[in-house]
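Here is the structure we will look at.
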Amino acid sequence: MSARRIVEVLTTAQVGQRVAIQGWIRTRRDSKAGLSFLAVHDGSCFEPIQVVAPAELPNYASDVLRITTGCAVTISGEVVASQGKGQTVELRAESIEVVGWVEDPETYPMQPKRHSMEYLREVGHLRPRTNVIGAVTRVRHALAMAVHRFFDERGYFWVHTPIITASDAEGAGQMFRVSTLDLANLPRTAAGEVDFSQDFFGKETRLTVSGQLNVETYCMAMSKVYTFGPTFRAENSNTRRHLAEFWMIEPELAFADLAADAQLAEDFLKYIFGALLDQRKDDLAFFEKFVDPECQKRLSQLVQSKFERIEYTEAIRLLEKATRSFEYPVSWGIDLQSEHERYLTEEVIKGPVAVMNYPKDIKAFYMRMNDDGKTVAAMDVLAPGIGEIIGGSQREERLDMLDARIAAMGLHKEDYGWYRDLRRYGTVPHAGFGMGLERAIQYATGLENIRDVIPFPRAPRQADF
RNA sequence: UCCGAAGUAGCUCAGUGGUAGAGCAGGCGGCUGUUAACCGCCUGGUCGUAGGUUCGAUCCCUACCUUCGGAGCCA
C-alpha cells in the first residue's frame, strides 16, 4: 500500500478505505480502554490526522507505548468515522512502524505545547515541525506560486537576474563583498591598495541589493518581465522588519507610465492575497486564532477594496491638517515616516492607497523627472496594518535627464555604462515596482518578526543552520 | 549603530544578601474514546560570562556576550 498525504486522507478518503500515511508524531495519548491516540502530521495541511492504535497491535507494548513527540512513523489502517469530537474521520491502525525514534525524549526540543517564537529561532532545524512554522511554510509557498501565476497569466517572463554583481552603484544599501582572495594575505597594488584584478572575477564584486537594473535590460526586449529571487543587504539593522537576505519581487513593464505601474501593483496585490484566502483557509484560521485576530479581515478587505490614488503633495496637505500630532513633523519635501503612512491609509483613506509623485531629492536617481522639475514619478502603495507594502516608479528613459540626475546626486555616469545604453538604443517609457516577499507574508499572517516568515533567517550575528 | 528591557531545570516562568521553586516535558503508577487529557510520586539547575563589593551573591556594582522591543535604514 503506497502512502497518501494526510491532506488527501482527511479530505477525500472514504470511510472504510484502507490507506497508509507517513509522518511525524505530534502527541500520543493513551487510554486504558485498550488503545492509544496518535496525532500525526506530514506537512500537507494544518490539521494532523488522529490515529487510533488498538492494544491488539503486535508491537503495541514494545513500540506504540514508547512513541514520543517527534517520532517518524509509517501507519496503515482503515479510515473510520471518529467516535470522538474534534475530527470527523480518523485512521484505525492495522500496522504502525516507527521509522525513526527520538533518541532522548527528555531533551527533544519540540514539545506539544506553545513555544515562544524566540525559542523556535534557536532550533531552526526543528521548528518546521511546529504548527506555526508549518503554516508559514504553506502560506509562503502559496504566495510565491501566486506571484508566478499572476505574471505568467499576463505574459510576463521570469528573468533570473544575477546574485553576484560587479556594480557597486545599484543604489542605497551596504553590500556584502564576494571574494576568493586570501584575507590573511591580500595582494596589493603598487599604491598599496587591495589588488582586485587578482580576485576571482578580476574586479570587485558584491551580492546584489536589487535585480531592477539588470531586469530593465530584459524589459527593453521582452516587454514584460519580473525578477523573483534572493536579495542581500549588509546593513546593521536589528529590527523585526529587516533581514540581511530576503526575497524580492520586481516586475518591469515597457511602454508604461506610473499610472499603469500603480494599476499593476493593485491587481498584483489583490491576486496574490485573493489566492491565499482561497487556498490556505486552514492556516489563516490558525493565524487568526493564535497570532493576529485581524489577519483574514485585513486580507479580504484589501482584496475587495478599490485602491485610492493621491499625490504626494496632497498627502502632505492631509497630514498637515491632521488633528493628531506626529513624532516627526510634516512638511513638503520630507520622506513619509511609518506613522505618517499608517495614518493616511488607516485613518484618512481607510483602505489601500497609492501615493504618487514624490520630491526628487528623497528618491533614487533612476526615477523619472516630472515636468514640474520638483517631483519624480515614484509611487508607494500603502495598506492598513502595515504602511508601505510596495514601492515603485516610472524609470527615467531620457538619457540627458538621466545623466543630469546621476550628476546631481554625485554619482559617476561612467559607472552606469550599460544602463545608459538602454537609453541610447531604442529607449521607451517603462516602469516597475518592488515588493519584499517576507513583508507580504508578515502582512498576511500578522507575525511580528520577519525572522519567523523565512526558513533560515540571515541577520546581523545570525547565520545559523 | 543608538536607546530601553531581559538572560534561573529540556521548555515557560516565579523567587531570596545565607548556594533555589511551580507548571509543562521525561520516568513510574492510577484513570479515561482521548483532544496541549487528568491525578499521584520521582528525576532534573556550577541561577549568561568575567571581575568587584561582602563573612557570604543567583540577588548589589562594573564590563562583556546574547536575545527581545523601539529608533535609524529600508523591502
Side-chain angles (χ1 to χ4, degrees), chain A residues 26-39 47-55 65-66 68-70 80-87 90 92 102-123 126-127 130-131 171-174 208-212 227 229-250 290 327-328 335-339 341 362-364 380-381 386-392 433-443 448-454 459-462 464:
Chain A
R26 272 260 161 68
T27 60
R28 186 195 95 215
R29 297 180 294 274
D30 300 325
S31 167
K32 280 300 187 314
L35 62 164
S36 292
F37 298 95
L38 305 173
E47 286 298 323
I49 190 169
Q50 172 156 288
V51 173
V52 180
L65 288 180
R66 288 173 52 222
T68 56
T69 301
V80 298
S82 179
Q83 297 175 33
K85 297 190 175 77
Q87 60 280 318
E90 61 196 19
R92 175 161 286 269
V102 169
E103 66 170 25
D104 183 4
E106 187 174 0
T107 56
Y108 179 59
M110 296 292 107
Q111 296 176 5
K113 61 176 244 180
R114 202 166 180 179
H115 288 106
S116 68
M117 299 307 293
E118 293 84 358
Y119 172 69
L120 292 180
R121 265 169 242 148
E122 295 173 15
V123 285
L126 298 171
R127 72 174 187 169
T130 62
N131 279 333
Q174 294 281 334
T208 184
V209 295
S210 164
Q212 182 203 316
T227 72
T231 307
F232 306 87
R233 302 281 165 87
E235 297 287 350
N236 189 13
S237 305
N238 294 290
T239 81
R240 59 188 179 84
R241 299 180 303 281
H242 290 85
L243 291 167
E245 176 182 284
F246 61 99
W247 285 60
M248 191 152 63
I249 297 139
E250 298 171 293
F290 290 106
E327 187 180 344
Y328 289 85
D335 204 357
L336 297 183
Q337 297 292 322
S338 184
E339 58 173 343
E341 296 175 339
I362 58 172
K363 290 294 182 181
D380 284 350
V381 178
I386 188 172
E388 179 186 338
I389 188 166
I390 276 180
F433 64 77
M435 185 189 80
L437 177 65
E438 288 76 18
R439 293 272 175 90
I441 301 169
Q442 283 188 273
Y443 181 72
E448 292 184 341
N449 196 307
I450 199 167
R451 298 170 195 202
D452 301 323
V453 300
I454 189 168
R461 296 181 306 279
Q462 286 192 348
D464 299 320

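Every value quoted in this text rests on a predicted model; they were computed, and no experiment measured them. Lettering follows sequence order; numbering is per chain, from 1.
- Shown here, C59(B) forms no base pair; nothing in the strands shown gives a Watson-Crick or G-U wobble contact with both key distances under 3.5 Å.
- When distances are taken from the side chain of Ser31(A) to each of C74(B), C68(B), G33(B), the shortest belongs to G33(B).
- Side-chain N/O atoms of Gln337(A) include none lying less than 4.0 angstrom from OP1 or OP2 on A71(B).
- Counting only N and O atoms by type, the side chains of Gln462(A) and Arg451(A) include a donor and acceptor under 3.5 Å apart.
- For U53(B) and A6(B), the P atoms lie 25 Å apart once the distance is rounded to whole Å.
- Between Tyr108(A) and C11(B) there is no side-chain polar atom (N or O) within less than 4.0 angstrom of OP1 or OP2.
- Looking at heavy-atom distances under 4.0 Å, Tyr328(A) makes contact with sugar-phosphate atoms alone, never a base.
- Using a 4.0 Å cut-off, no side-chain N or O of Arg26(A) falls inside it from OP1 or OP2 of U35(B).
- Mapped onto RNA chain B by nearest heavy atom, Arg28(A) and Ser338(A) fall at different nucleotides, with Arg28(A) at the one closer to the 5' end.
- The side chain of Ser116(A) lies closest to U12(B), out of U12(B), U34(B), C68(B).
- The side chain of Arg66(A) contributes no N or O atom lying less than 4.0 Å from OP1 or OP2 of G27(B).
- Contact annotation for Gln462(A): backbone-only contact, meaning every heavy-atom pair under 4.0 Å involves sugar-phosphate atoms and none involves a base.
- Taking 4.0 angstrom as the limit, Arg241(A) places a side-chain polar atom (N or O) nearer than this to OP1 or OP2 of A71(B).
- On the P atoms, G40(B) is 16 Å away from C31(B), given to the nearest whole Å.
- The side chain of Arg461(A) places an N or O atom within less than 4.0 Å of a non-bridging phosphate oxygen (OP1 or OP2) of U67(B).
- Dashed line: the shortest gap from a side-chain N or O of Arg29(A) to OP1 or OP2 of A37(B) is under 4.0 Å.
- Side-chain atoms of Arg240(A) lie closest to G70(B) of the nucleotides C68(B), G70(B), C73(B).
- Here the side chain of Gln212(A) pairs no donor or acceptor atom with the backbone of Glu250(A) at under 3.5 angstrom.
- Closest contact between the side chain of Glu118(A) and the listed nucleotides U1(B), C74(B), C68(B) involves C68(B).
- In the set A71(B), G33(B), U12(B), A71(B) carries the atom at the smallest distance from any side-chain atom of Thr239(A).
- In terms of phosphate contacts, Asn236(A) brings no side-chain nitrogen or oxygen within less than 4.0 Å of OP1 or OP2 of G72(B).
- Each of Phe246(A) and Gly84(A) lies near RNA chain B, and the nucleotide nearest Gly84(A) is the one positioned closer to the 5' end.
- Under the 3.5 Å distance criterion, with hydrogens and angles disregarded, no donor-acceptor pair is assigned to the side chains of Ser31(A) and Arg29(A).
- You'll find a donor-acceptor pair under 3.5 Å spanning the side chain of His242(A) and the base of C74(B), going by distance alone.
- Put simply, the side chain of Ser237(A) and the base of C74(B) share no donor and acceptor less than 3.5 Å apart.
- A salt bridge links Arg127(A) and Asp452(A); the closest N-O separation between the charged side-chain nitrogens and carboxylate oxygens is under 4.0 Å.
- Using modelled atom types and a 3.5 Å distance limit, the side chains of Arg26(A) and Asn131(A) yield a donor-acceptor pair.
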